[in-house]
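First up is the structure itself, then whatever we jot down about it.
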Amino acid sequence: MGNRADDEGTDVTIYRKALSDTVHADTPTGAPERLLALLDRLGFERQTLTTSGPVYVWHEAPAHLDEDAKKQLATHAVPWLHKAGYVVRIDDDVWDAAAYTDAATAMHNQSTPAPPSAAAARTTDRPTGSRHR
């Protein structure tokens, strides 16, 4: 089982998993905890698979987010990862130019990363008690 970060020589590769709406953030095999923790703080959910060999670790955008919110989350992470010194590759189909601009601006105004507020609040389900009009 390989991952794109190993294959592409990046610290983080962000992409949509084929034939799904899952947005992955792959890190190289043996990535430092500092990088994994930063992805956690940026709103990605850590996943692990323990095998008889290595333990595979990757991150995913939360499944409850809609497609636009997943793009915002993925793109929002890029300037923070760059600031921390990581090489990042993000696929065009999960890139959101406006989210990047917002994240870069926020990065200059605060010292610690946080997930984008719009992505954290936006879901595909209606709030309890809401109705379609």
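Not measured: the values here are computed from a predicted model.
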Item to complete: Go through the steps to decide whether Glu60 and Arg16 satisfy the test salt bridge (charged side-chain N to carboxylate O under 4.0 Å, His left out), and finish with yes or no.
Response: CA-CA 9 Å; Glu60 297 177 0; Arg16 184 178 321 279; over 6 Å; no
Worksheet entry | Thr27 (side chain) donor-acceptor with Ala5 (main chain) under 3.5 angstrom | no
Discussion item. If we ignore hydrogens and angles and just use 3.5 Å, is the side chain of Ser20 paired with the main-chain N or O of Lys17 as donor and acceptor?
Written reply: yes
Discussion item. One pair to check against salt bridge (charged side-chain N to carboxylate O under 4.0 Å, His left out): Asp91 and Lys71. What are the steps and the verdict?
Written reply: CA-CA 10 Å; Asp91 283 357; Lys71 283 182 176 182; over 6 Å; no
First locate atom [atom1] of [X], then atom [atom2] of [Y], and finally report the distance between them rounded to the nearest 0.5 Å.
X: Leu73; Y: His59; atom1: CG; atom2: NE2; result: 11.0 Å
X: Thr22; Y: Gln47; atom1: OG1; atom2: CD; result: 9.5 Å
X: Gln72; Y: Tyr100; atom1: CD; atom2: OH; result: 16.0 Å
X: His24; Y: Arg4; atom1: NE2; atom2: CZ; result: 9.5 Å
X: Lys83; Y: His108; atom1: NZ; atom2: NE2; result: 8.0 Å

Worksheet entry | Between Tyr15 and Asp26: side-chain donor-acceptor atoms closer than 3.5 Å | yes
Worksheet entry | Residue pair Thr13 / Asn3, side-chain heavy-atom distance below 4.5 Å | no
Discussion item. Any non-hydrogen side-chain atom of Val55 less than 4.5 Å from a side-chain atom of Leu49?
Written reply: no
Out of curiosity, does [Y] fall in the hydrophobic cluster containing [X] (side-chain heavy atoms, cut-off under 4.5 Å, transitive links)?
X: Leu35; Y: Val87; result: no
X: Val12; Y: Val57; result: no
X: Leu36; Y: Leu42; result: no

Can you see which heavy atom on [X] is nearest to which on [Y], and at what distance?
X: His76; Y: Ala103; answer: CD2-CB, 3.4 Å
X: Leu38; Y: Tyr86; answer: CD2-CE1, 4.1 Å
X: Val94; Y: Thr75; answer: O-OG1, 3.1 Å
X: Val23; Y: Ala74; answer: CG1-CB, 4.1 Å
X: Ile90; Y: Trp95; answer: CG2-CE3, 3.6 Å

Discussion item. For the aromatic rings, using the six-membered ring if either is Trp, is the centroid distance between Trp58 and Phe44 under 6.0 Å?
Written reply: no
Practice prompt. Run the salt-bridge test on Lys70 and Asp21 with the 4.0 Å N-O cut-off and return the result as yes or no.
Written response: yes
